[in-house]
Visitor: 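Can you keep this structure in mind? I'll have questions shortly.
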Amino acid sequence: MDKYEKVIELAKRRGFLWNSFELYGGAAGFYDYAPLGSTLKRRIEQIWRELYVIHEGFMEIETPTIGIEDVFVASGHVGGFSDPLCECKKCGEAFRADHLVDNIVEVADALSNTELDKIIKDNDIKCPECGGDLGDAYEFNLMFQTAIGPGGGRPGYMRPETAQGMFVNFQRLLKFYRDKLPFGATQIGKSYRNEISPRQGVIRLREFTQAEAEIFIDPRDKTHPNIERFADTSLNLYSQEGQERGTVEQITIGDALKQGIIAHEFLAYHIALTNHFLQRVGISPEHLRFRQHKKDEMAHYAIDCWDAEIETDRFGWIEVVGIADRTDYDLNAHAKTSKTELSAYIEYDEPKMVTSFVVKPNMGKLGPAFKGKAKAVADALKALTQEELEQDEITVVVDGEEFVVSSELVEFAEETVKVSGETVVPHVIEPSFGIDRILYCTMEHAFNEEMVTAQEGKDSKKPEEESRIVFKLQSEVAPVQVAVLPLMTKSELIIPAKDIVSLIRDRGLLVSYDDSGTIGRRYRRNDEIGTPYSITIDYESLDDKSVTIRDRDSMNQVRTPIDGIEDVIYSLVYEGKEFKTAGTPVQ
RNA sequence: GCGGCUGUGGUUUAGUGGUAUGACAUUGGCUUCCCAAGCCAAUUACUCGGGUUCGAAUCCCGGCAGCCGCACCA
């Protein structure tokens with residue numbers, strides 16, 4: 001059993017992750033979040049919200065998971081998120097149809113399926129594997145398609161990313177933020193991709209959760225006001241050059257900027273913030289690196305793009321976050337498809353005096369003179385230089401036809417006007433998180449199997465060493481933050497134990513109660529689900545109103561008064577209180 | 001999607017053409033019980049469908065799922 005199997009086995013057994021639709025045989029690419037997994041996921045999302053929504057101020061929105069066709073035509077997903085496949089009739093192997101005709105036509109990826117079929121037929125292309133006949137090309141789009149409304153309705157798609165929901169709301173968001181750049185919006189939600197062959201558990205799903213921020217910034221100013229916060233943060237950077245050399249270097253954000261490894265401050269800030277988030281949810285820094293996209297893998301519109309990658313036992317380095325400067329690509333694409341200007345007006349600090357040469361054709365006279373051609377003539381006049389306009393008779397060519405315009409019909413002058421700002425299409429910085437993958441990685445990094453010396457029991461059959469499975473989840477993300485355990489199943493201990501449960505529950509902590517089995521067994525049960533602290537009520541508690549708190553990782557115990565125990569636990573979980581200060585040590 | 005391997009309680013495992021072994025876990029009870037102790041009892045399984053057969057969990061075919069390889073991976 002490798003670590004992946006152990007983690008998945010534990011996740012299944014203890015109620016973190018279950019295969020979806022198991023009752024009916026299951027379906028690949030879908031996972032259910034079981035009670036503890038669902039809670040763990042919420043905890044991770046909540047930390048993300050704290051950092052991005054509350055601290056950075058990128059308000060969260062929620063948009064439909066189904067999108068209409070126009071949105072994905074504009075985003076390029078309808079055309080570009082699919083591949084033409086064609087299968088061999090003999091051996092069944094599937095090939096990219098456009099790749100098969102690559103060396104016959106110049107731009108194979110622009111061809112329709114019928115055109116591809118024709119070329120394959122005309123050139124007698126056979127299966128590269130077995131030489132068999134090839135079937136017709138068909139489109140395999142990674143988006144799930146559906147119909148909106150009855151009777152076929154209009155085409156709709158399950159969104160393949162949450163990002164488009166922010167882009168299409170750009171104008172509304174801009175107004176919401178009172179026309180000021182930069183601003184950002186976030187969304188945590190489900191996205192859907194009809195993966196051809198999902199495997200690797202929760203690493204590649206057909207329905208998955210993304211947490212995305214779209215930050216709209218002034219394209220001329222990519223500095224970040226708080227970059228100093230992370231200047232000394234040291235990261236494992238796997239840059240384009242580093243990948244060529246095969247070396248990852250540890251370098252501070254400040255130095256990476258100075259050396260021009262990261263394109264600009266804004267991107268650098270978000271790389272560092274991503275690092276901060278991942279470590280806070282429990283990713284170990286030595287298994288975390290930031291890999292820069294190589295020039296040929298980067299989308300053509302992106303300036304710079306970095307993936308946060310986490311090292312896993314079975315799958316090696318996997319991408320969990322993408323942080324990209326997407327420039328004005330998305331807004332331009334939606335502007336073009338929707339025929340709506342998507343831009344922001346930026347006022348200058350000081351108005352500028354701008355001198356320009358202005359041509360004013362007199363339409364009142366041009367109209368009667370040139371009738372239907374008047375507008376084209378006027379446009380041609382505007383394109384002329386001062387010198388050309390200074391002639392008595394000006395000649396312009398429209399649609400190959402020459403027109404002579406009297407100088408009386410056009411005025412021109414150099415004008416100086418006050419310009420107080422300009423219109424820009426903002427650039428977008430996009431950190432995009434794959435929550436499911438991050439959750440898996442926190443589980444894998446938290447998973448520990450330690451050998452502990454078995455206690456001398458009354459029965460010597462026990463081996464001297466036994467393994468203890470401990471989920472060393474960060475206390476902040478643990479789905480159960482504290483367990484309350486009466487030492488024995490006796491009502492005199494159960495009653496005060498349940499009082500402590502309500503006390504802690506009222507403090508807003510995730511607490512479980514367990515009186516089944518021996519105390520040691522219950523400790524181990526809680527170790528396995530990652531409960532950081534256990535409170536035990538014993539007979540002494542009845543006399544001195546105190547309990548023991550046991551620390552999951554060290555197995556040490558302290559004795560603490562029941563009065564105020566909820567605040568002690570809260571500090572341990574959320575405020576980094578040191579365990580040994582939580583009470584007087586036992587033994 | 002193609003090829004290979006695999007599929008037995010919650011987990012893990014033994015096994016055979018005549019409905020199944022064990023372990024751990026779980027539940028209840030007993031035991032003043034602080035790191036999976038012990039004792040008693042209980043619950044839970046042959047991935048699904050079709051075929052061959054008197055009889056299939058076992059043999060054959062197909063589906064589904066898992067793993068590995070290929071292809072795919074905005």
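By convention in this document, chain letters (A, B, ...) are assigned in the order of the sequence lines, proteins followed by strands, and residues within each chain are numbered from 1. Every heavy atom of this structure was used, including side-chain atoms; hydrogens, water molecules and symmetry mates were not.
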Visitor: Could you tell me the separation between the CZ atom of A:Arg524 and the C1' atom of B:C33, rounded to a whole number of Å?
Guide: 15 Å

Visitor: On a whole-Å scale, what distance lies between the P atoms belonging to B:G22 and B:G55?
Guide: 30 Å

Visitor: All N/O contacts under 3.5 Å from nucleotides 60-69 of chain B to the protein, with atom names and distances to one decimal?
Guide:
from: B:C64; atom 1: O2'; to: A:Gly25; atom 2: O; distance (Å): 2.9
from: B:A65; atom 1: OP1; to: A:Ala28; atom 2: N; distance (Å): 3.1
from: B:A65; atom 1: O4'; to: A:Gly25; atom 2: O; distance (Å): 3.3
from: B:C67; atom 1: O3'; to: A:Arg314; atom 2: NH1; distance (Å): 3.1
from: B:C68; atom 1: OP1; to: A:Arg314; atom 2: NH1; distance (Å): 3.3
from: B:C68; atom 1: N4; to: A:Arg199; atom 2: NH1; distance (Å): 3.4
from: B:C68; atom 1: N4; to: A:Arg199; atom 2: NH2; distance (Å): 3.2
from: B:G69; atom 1: N7; to: A:Arg199; atom 2: NH1; distance (Å): 3.4
from: B:G69; atom 1: O6; to: A:Arg199; atom 2: NH2; distance (Å): 2.7

Visitor: Please check the phosphate of B:A36 (OP1 and OP2 only) for any side-chain N or O of A:Thr518 closer than 4.0 Å.
Guide: no

Visitor: Expressed in whole Å, how much space separates the C1' atoms belonging to B:A65 and B:G28?
Guide: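 To the nearest whole Å, 36 Å.
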
Visitor: Taking OP1 and OP2 of B:U31, is either one under 4.0 Å from a side-chain nitrogen or oxygen of A:Lys490?
Guide: yes

Visitor: Does B:U27 have OP1 or OP2 under 4.0 Å away from a side-chain N or O of A:Ser516?
Guide: yes

Visitor: For nucleotides B:C68 and B:G10, find the distance between their P atoms and express it as a whole number of Å.
Guide: 24 Å

Visitor: Run the side-chain contact (heavy atoms from CB on, under 4.5 Å) test against A:Pro486 and tell me which residues pass, sequence neighbours left out.
Guide: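 A:Leu493, A:Ile494, A:Ala497, A:Tyr513, A:Asp515, A:Arg522.
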
Visitor: Can you tell me the base-pairing partner of B:C39? Count Watson-Crick or G-U wobble geometry only, both distances below 3.5 Å, and say none if there is no partner.
Guide: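 Check on B:C39: paired to B:G29, both distances under 3.5 Å.
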
Visitor: Taking the cut-offs as 6.0 angstrom to the six-membered ring centre and 45 degrees off its axis, would you call A:Arg291 and A:Trp317 a cation-pi pair?
Guide: no

Visitor: Using a cut-off of 4.0 Å on non-hydrogen atoms, how would the nucleic acid contact of A:Arg468 be classed: base, sugar-phosphate, or nothing?
Guide: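 Since no nucleic acid heavy atom lies under 4.0 Å of A:Arg468, the category is nothing.
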
Visitor: Once you round it to whole Å, what is the distance between P of B:C72 and CD of A:Glu319?
Guide: 18 Å

Visitor: Can you tell me, in whole Å, how much space there is between the C1' of B:G66 and that of B:A23?
Guide: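 It comes out at 24 Å once rounded to the nearest Å.
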
Visitor: Expressed in whole Å, how much space separates the C1' atoms belonging to B:U8 and B:U21?
Guide: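 B:U8 and B:U21 have their C1' atoms separated by 11 Å.
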
Visitor: I'd like to check the side-chain hydrogen bond (donor to acceptor under 3.5 Å, both in side chains) partners of A:Ser554; sequence neighbours left out, ordered by chain and number.
Guide: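 Testing A:Ser554 for side-chain hydrogen bond (donor to acceptor under 3.5 Å, both in side chains), a comparison that skips the adjacent residues, returns A:Asp551, A:Asn556.
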
Visitor: Which residues satisfy the side-chain hydrogen bond (donor to acceptor under 3.5 Å, both in side chains) test with A:Asp436, sequence neighbours excluded?
Guide: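 Checked A:Asp436 against side-chain hydrogen bond (donor to acceptor under 3.5 Å, both in side chains); matches are A:Tyr33.
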
Visitor: Students often get this wrong, so: under 4.0 angstrom with heavy atoms, is A:Glu5 touching a base, only sugar-phosphate, or nothing?
Guide: nothing

Visitor: A:Asp544: what forms a salt bridge (Lys or Arg N to Asp or Glu O under 4.0 Å) with it, not counting sequence neighbours?
Guide: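 For A:Asp544 the salt bridge (Lys or Arg N to Asp or Glu O under 4.0 Å) partners, ignoring immediate neighbours, are A:Arg559.
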
Visitor: Restricting to side-chain hydrogen bond (donor to acceptor under 3.5 Å, both in side chains), what partner residues turn up for A:Asp2, sequence neighbours left out?
Guide: A:Arg314

Visitor: Between B:A36 and B:C24, how far apart are the two P atoms, rounded to whole Å?
Guide: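 The answer is 14 Å between these two P atoms.
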
Visitor: Under the side-chain contact (heavy atoms from CB on, under 4.5 Å) rule, collect the residues that match up with A:Thr146, sequence neighbours excluded.
Guide: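 For A:Thr146 the side-chain contact (heavy atoms from CB on, under 4.5 Å) partners, ignoring immediate neighbours, are A:Ile66.
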
Visitor: For B:U13 versus B:G51, give the span between their P atoms, rounded off to a whole number of Å.
Guide: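 That atom pair is separated by 32 Å.
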
Visitor: List the residues meeting side-chain contact (heavy atoms from CB on, under 4.5 Å) with A:Glu578, not counting sequence neighbours, and say none if there are none.
Guide: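 A:Lys580, A:Thr581.
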
Visitor: What's the CH2-P distance between A:Trp18 and B:G10, to the nearest Å?
Guide: 13 Å

Visitor: Taking only residues two or more places apart in sequence or in another chain, which ones pass side-chain hydrogen bond (donor to acceptor under 3.5 Å, both in side chains) with A:Gln292?
Guide: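 Applying side-chain hydrogen bond (donor to acceptor under 3.5 Å, both in side chains) to A:Gln292 gives A:Asp304.
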
Visitor: I'd like to check the salt bridge (Lys or Arg N to Asp or Glu O under 4.0 Å) partners of A:Asp514; sequence neighbours left out, ordered by chain and number.
Guide: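 A:Asp514 satisfies salt bridge (Lys or Arg N to Asp or Glu O under 4.0 Å) with A:Arg525 only.
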
Visitor: Measuring only the C1' atom in each nucleotide, how far is B:C33 from B:G15? A whole number of Å is fine.
Guide: 39 Å

Visitor: Between the protein and nucleotides 22-25 of chain B, are there any N/O to N/O pairs under 3.5 Å, and if so, what are the atom names and distances?
Guide:
none

Visitor: Do NZ/NE/NH1/NH2 and the carboxylate oxygens of A:Lys472 and A:Glu450 come within less than 4.0 Å?
Guide: yes

Visitor: Enumerate the residues from residues 528-546 of chain A whose closest heavy atom to RNA chain B is under 4.0 Å, giving them by residue number; use none for an empty result.
Guide: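 Only A:Glu528, A:Thr536, A:Asp538, A:Tyr539 qualify.
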
Visitor: Are the charged groups of A:Glu449 and A:Lys6 less than 4.0 angstrom apart, N to O?
Guide: yes

